[in-house]
Colleague: 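Got a structure for you, questions after.
Basis for what follows: all heavy atoms, side chains included, without hydrogens, waters or symmetry-related copies. Whatever order the structure lists them in is the order used to number ligands and atoms, beginning at 1.
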Amino acid sequence: MNPRQDLHVHSRFSDGADRIEDNVAEAEQLGLTALGCVDHVRAGTDWVPDYVAAVRRIRAETEVELSCGIEAKLLDTSGALDLPEGIEGVDAIYAADHQVPLADGPAHPREVRERIERGELEAGAVIDAILTATARALDRPQRVVIAHFLSILPKLGLAEDAVPPDGLDALAAEAERTGQWIEVSERWRCPSAATLRPFARRGVPIVLSTDSHRRDTIGRYDHCLAVARELGALRT
Ligand SMILES: [Zn+2]
Ligand SMILES: [Zn+2]
């Protein structure tokens, strides 16, 4: 786990405050070796080709290793993602739990929480749906990064330790089989070292990211360093 990388940073292409150039300048000042440009997409997004071209242009002007990522929400337990057509040139897809990916589609976390409280849904079944959707989203030709994994659990009134170890290990096994990555997120302060342990054991790359929406939070880590130390995986 390398603290001189930040593999999840937003720009004005979606909801970031700064331009890609500004984010890169910040990374250069901090001495980062790698920066992951990531912006939010959905099925109707039409700017991906312009975004890919912008990252390519800026990549030629910096020593920082730039990757071109898009972040899309998990839709359902088939592993479908809210992606547009025409994403050639994108290096990585960040699969995110922005809504709860149930069998019949994405559900708002507040609604799911209420359904759990009313006894209409079991917490275990909801966790299983999240694990299934995430695992099935991994088998793609592009790099997939599991983004801020389990960040949705607190919104459901659940904690990471409610996730069964065998479910986590099955997801880690699928990440290993498909060669995909998982991030530890400074912004969301998740996942925990305990959640990441099966991934680390299987050699799944764990990348550090801030999910910054402003340049002044890029590359600043606290939670991520604590997790890396706990896993004994901090590269200096
Ligand atoms: Zn996100
Ligand atoms: Zn993000």
Colleague: Return yes if a side-chain donor-acceptor contact under 3.5 Å exists between Asp139 and Thr178, otherwise no.
Modeller: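 Looking only at side-chain atoms, Thr178 and Asp139 do not form any donor-acceptor pair under 3.5 Å.
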Colleague: Per the side chain to side chain donor-acceptor pair (under 3.5 Å) rule, which among Glu71, Arg189, His8 passes with His148?
Modeller: Glu71
Colleague: Run the side-chain contact (heavy atoms from CB on, under 4.5 Å) check on Leu81 and Leu74 step by step: do they pass?
Modeller: CA-CA 5 Å; Leu81 293 168; Leu74 293 155; 3.6 Å; yes
Colleague: N/O/S of His10 less than 2.8 Å from the Zn ion (ligand 2)?
Modeller: yes
Colleague: Looking at the Zn ion (ligand 2), is there an N, O or S atom belonging to His8 that lies under 2.8 Å away from it?
Modeller: yes
Colleague: Closest to the Zn ion (ligand 1), which N/O/S atom of Glu71 is it?
Modeller: OE2
Colleague: Please give me the minimum heavy-atom distance between Arg115 and Leu102, naming the atom from each residue.
Modeller: NH1-CD1, 4.0 Å
Colleague: Can you check the angle at the Zn ion (ligand 1) formed by NE2 of His98 and NE2 of His148? Round it to the nearest 10°.
Modeller: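 Output for this angle: 100°, rounded to tens.
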Colleague: The Zn ion (ligand 1) and Asp211: any N/O/S contact shorter than 2.8 Å?
Modeller: no
Colleague: Answer yes if the side chains of Thr210 and Asp6 hold a donor-acceptor pair under 3.5 Å, and no otherwise.
Modeller: yes
